[in-house]
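This report concerns only the one structure given below.
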2 protein chains.
Amino acid sequence: MNQFDLSRVVETLESLEETIISKLIDRAQFKLNPSIYQPGASGFEGESTRSLFEIRLAYQERMDAAFGRFCVPEERPFTKRLPAAKRKVVLPPTGLVIDDFNTISLVNNIRTAYLELVPRICRPGSDGHFGSSVEHDVYALQAIARRIHYGALYVAETKYRQDPAAYSSLIEEKNTEKILALLTRRQVEETITARIRNKVDKAQAGVNPVLRHCIDPAVLEDFYREYIIELTKQGEVRYLLQRRPGAVEL
Amino acid sequence: MNQFDLSRVVETLESLEETIISKLIDRAQFKLNPSIYQPGASGFEGESTRSLFEIRLAYQERMDAAFGRFCVPEERPFTKRLPAAKRKVVLPPTGLVIDDFNTISLVNNIRTAYLELVPRICRPGSDGHFGSSVEHDVYALQAIARRIHYGALYVAETKYRQDPAAYSSLIEEKNTEKILALLTRRQVEETITARIRNKVDKAQAGVNPVLRHCIDPAVLEDFYREYIIELTKQGEVRYLLQRRPGAVEL
């Protein structure tokens with residue numbers, strides 16, 4: 001089994017799409033509830049500065065850290081200073097050629113992009129479901145981050161292995177622009193965004209629109225194009241610039 | 001707004017179906033991983049007796065308790081001795097006429113039913129994704145429990161209000177059997193199970209079966225019929241037997 005077979009990597013990315021879509025649809029069942037994003041407005045005991053969203057994210061990641069989530073390369077945390085895992089996580093060799101997975105982390109960009117997306121998929125106003133809203137925010141955010149970081153690591157390494165000479169020289173020059181151009185396949189990107197639109201349509205096809213708030217497939221298509229794909233490529237560039245020169249690990 | 005309008009209650013129950021289905025499909029992306037359900041086999045620091053599944057459930061519910069999940073009537077915890085909420089949860093009056101929501105809790109039956117379902121939706125064997133499997137187990141279990149407890153509370157109270165005289169006398173007699181008969185609408189149950197089958201089909205229609213493991217719609221239809229609907233009715237009976245005599249709260 002070769003984890004750097006491009007069709008396998010692409011399949012994994014594709015299989016993460018359903019998760020992102022279903023988590024965003026779940027979030028959109030609640031109104032925007034803007035106060036949950038306001039620093040200092042959480043009403044949470046002992047918390048005077050963070051928003052309810054930030055607190056929930058930190059709690060979730062502390063729990064996840066104990067269970068070993070962040071031992072997985074593509075699971076990069078939003079929270080700093082997390083505790084160590086309380087269980088041994090045995091992973092097959094990743095084959096990635098990088099010393100610290102966090103050097104490719106794009107969590108700050110991902111959080112910003114997500115917080116701009118929420119008002120585009122949720123109805124405005126408040127429905128009082130603050131706890132449920134932040135819960136679903138965190139699940140959606142984790143699904144999006146996993147997709148971006150997975151792509152950043154595995155797509156980059158896979159493409160490197162397809163043409164080590166071309167990438168090596170651009171990496172040596174630190175030629176970010178040309179690396180980005182070499183990584184980019186517009187046709188593939190268009191296939192992805194069209195598929196997203198179609199999947200959102202299908203996911204909502206069996207739904208009673210009186211009971212479930214539907215999201216606009218075009219909004220998710222845009223989000224994929226402008227943020228998920230773009231941030232994945234930024235992560236790929238970061239990976240390649242951090243990649244240990246020459247080495248190929250099996 | 002009347003939360004005891006039967007069509008509204010039924011709508012809420014219906015809108016919970018998508019969540020249950022999507023969480024079960026998410027779980028089924030991982031193999032059964034039977035060791036995660038074995039007591040004492042968690043490999044979790046300081047845990048010699050519980051299974052990884054039980055530990056994850058307890059951690060999740062401790063976090064959720066802090067955020068106030070269990071202030072909501074239909075959110076009944078699986079874990080005992082949870083900490084109090086760290087935020088004030090303001091709910092509209094529930095109109096439920098019962099002193100302790102936990103008296104209708106069916107968590108033990110729900111957990112047993114769920115653990116019997118997992119081998120029917122997941123491929124056998126282990127894939128090493130133990131952390132992800134228990135994470136998704138917990139989300140699916142919470143979605144199922146919410147549906148059952150919501151139905152137990154709100155369907156029962158709604159039906160009581162439609163015919164207080166008939167229910168009152170059966171409650172006074174503690175005639176469980178006749179209460180159950182009065183609550184039961186076979187035609188409605190068949191509509192629900194047929195809809196579930198259809199929703200599972202539709203939810204998986206846009207999916208590439210090479211990438212995503214699909215679950216058998218008939219398995220979920222059976223699970224709804226045998227467990228979700230049956231346990232909801234058991235919960236309704238419990239609610240009615242615990243209901244404070246005569247009172248109707250607005």
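Every chain is numbered from 1 and lettered A, B, ... according to where its sequence line falls, protein lines coming before strand lines. Here the structure is a predicted model, which is why all the values come from computation and not from measurement.
For chain A, the option among B:E14, B:E47, B:R195 with the highest count of heavy-atom pairs below 4.5 Å is B:E14. Chain A forms more heavy-atom pairs under 4.5 Å with one residue of B:G43, B:G46, B:A85 than with any other, namely B:G43. Your options are A:K86, A:E45, A:R62, and the one with the most heavy-atom pairs under 4.5 Å with chain B is A:K86. Here B:D64 is the residue among B:D64, B:V134, B:T12 with the most heavy-atom pairs under 4.5 Å with chain A. Per-residue heavy-atom pair counts under 4.5 Å with chain B were compared for A:E17, A:Q29, A:Q60, A:K23, and the maximum is reached by A:Q60.
The line from CD of B:E18 to CG of A:D26 is 9.5 Å long, rounded to the nearest 0.5 Å. Rounding to the nearest 0.5 Å gives a distance of 6.5 Å between CZ of A:R146 and OG of B:S132. Taking CD1 from B:I55 and CZ from A:R87, the interatomic distance works out to 9.5 Å, rounded to the nearest 0.5 Å.
Of the two parts of A:L91, neither the backbone nor the side chain holds a non-hydrogen atom closer than 4.5 Å to a non-hydrogen atom of chain B. Looking at B:R56, both its backbone and its side chain come within 4.5 Å of chain A, counting heavy atoms on both sides. Contacts between B:A66 and chain A at a heavy-atom distance below 4.5 Å involve backbone atoms as well as side-chain atoms.
Between A:T19 and B:R212 the shortest side-chain heavy-atom distance falls below 4.5 Å. With a 4.5 Å cut-off on side-chain heavy atoms, A:F67 and B:Y59 count as touching.
Salt bridge annotation for A:R69-B:E135: present, with a cationic side-chain nitrogen under 4.0 angstrom from a carboxylate oxygen.
Along residues 118-129 of chain A, no residue comes nearer than 4.5 angstrom to chain B, judged on non-hydrogen atoms.
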